[in-house]
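First comes the structure, then the notes that go with it.
Order of the sequence lines sets the chain letters (A, B, ...), proteins ahead of strands, with each chain counted from 1.
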Amino acid sequence: KNEVEQSPQNLTAQEGEFITINCSYSVGISALHWLQQHPGGGIVSLFMLSSGKKKHGRLIATINIQEKHSSLHITASHPRDSAVYICAVRSNTDKLIFGTGTRLQVFP
Amino acid sequence: IAGITQAPTSQILAAGRRMTLRCTQDMRHNAMYWYRQDLGLGLRLIHYSNTAGTTGKGEVPDGYSVSRANTDDFPLTLASAVPSQTSVYFCASSRSGTGANTGELFFGEGSRLTVL
């Protein structure tokens, strides 16, 4: 079993829908990262969080340390949100562990 | 330069050849990393450096070497390329590699390497 699991692996949505991507992990962590990768593109950091909730525009990230779970929400989704979203955790031993990503496609 | 820069963006290489992927950052980050990304797998760490002058092995280090002569540069060398090293390589950096305040991750645009 991977130490970082994302669900779903693939997600399709209509423009305007509310989207949730989940990340569960099995190790103690000091921080969790949400990253975005567009097709053929580089990787961009969206959020780094260690507790609570962060919001940036239409994106919201939450984390529940007790349950070892984080969610990334996208409100009013748009075709330009189509990308692979990657969850990564920094373990308490300073190791960065990546999930395999959630591929999101938003159709107009 | 703004952020983190990789070169080349793409390269086709004959097996057995030596290749160096370059990575430079201008953020004065202490920690730098090299990952490879293969279809169906998460990013896998090849080598890392927590500060200039030090390096460490990741989970897939065989066939690769790195150096960290200064804070800005972290080149990755394939001494004798093999087809299984065909992959997309990402260089990344963060303020620190250890402790509670490691900071955000910054990635380069990636280097697509094909070994024939």
In Å, rounded to the nearest 0.5 Å, how long is the span from CG of Leu96(A) to OH of Tyr33(B)?
-> 5.5 Å

Below 3.5 Å, can you tabulate the donor-acceptor pairs from side chains in residues 42-53 of chain B to any protein atom, sequence neighbours excluded?
{"residue": "Arg44(B)", "atom": "NH2", "partner": "Asp38(B)", "partner atom": "OD2", "Å": "2.8"}
{"residue": "His47(B)", "atom": "ND1", "partner": "Gly56(B)", "partner atom": "O", "Å": "3.3"}
{"residue": "His47(B)", "atom": "NE2", "partner": "Tyr64(B)", "partner atom": "O", "Å": "3.0"}
{"residue": "Ser49(B)", "atom": "OG", "partner": "Thr51(B)", "partner atom": "O", "Å": "3.0"}
{"residue": "Ser49(B)", "atom": "OG", "partner": "Thr54(B)", "partner atom": "O", "Å": "2.6"}
{"residue": "Ser49(B)", "atom": "OG", "partner": "Arg68(B)", "partner atom": "NH1", "Å": "2.8"}

Heavy-atom proximity to chain B below 4.5 Å, by part of Gln37(A) | side chain

Shared hydrophobic cluster for Leu21(B) and Val115(B) (ILVMFWY, side-chain gaps under 4.5 Å) = yes

Ile97(A), part contacting chain B, at a heavy-atom distance under 4.5 Å | neither

Chain A contact via Glu59(B) - which portion, at a heavy-atom distance below 4.5 Å = neither

Hey, what do you get for OG (Ser94(B)) to NE2 (His33(A)), rounding to the nearest 0.5 Å?
-> 7.5 Å

Heavy-atom pair with the smallest gap, counting every atom of Leu105(B) and Ser45(A) | O-CB, 3.3 Å

Any chain of hydrophobic side-chain contacts (each under 4.5 Å) joining Ile29(A) to Ile21(A)?
-> yes

Neighbour count above 12 (heavy atom, 6.0 Å) for Arg17(B) CZ = no

Step through the shown structure and confirm whether more than 12 heavy atoms of other residues, nucleotides or ligands are within 6.0 Å of CG on Leu116(B).
-> yes

Gln9(A), CD: over 12 other non-hydrogen atoms inside 6.0 angstrom | no

Pair count under 4.5 Å, heavy atoms only, with chain B: among Val4(A), Val44(A), Ile43(A), highest is Ile43(A)

With a cut-off of 6.0 Å (strictly less than), are more than 12 heavy atoms of other residues, nucleotides or ligands near CZ of Arg112(B)?
-> no

Same cluster (ILVMFWY, side-chain, under 4.5 Å), Met19(B) and Tyr35(B) | no

Check whether Val88(B) and Leu76(B) end up in the same hydrophobic cluster, where Ile, Leu, Val, Met, Phe, Trp and Tyr are linked by side-chain heavy atoms less than 4.5 Å apart.
-> no

Under a 4.5 Å heavy-atom criterion, the part of residues 71-93 of chain A in contact with chain B comprises Ile86(A), Arg90(A)

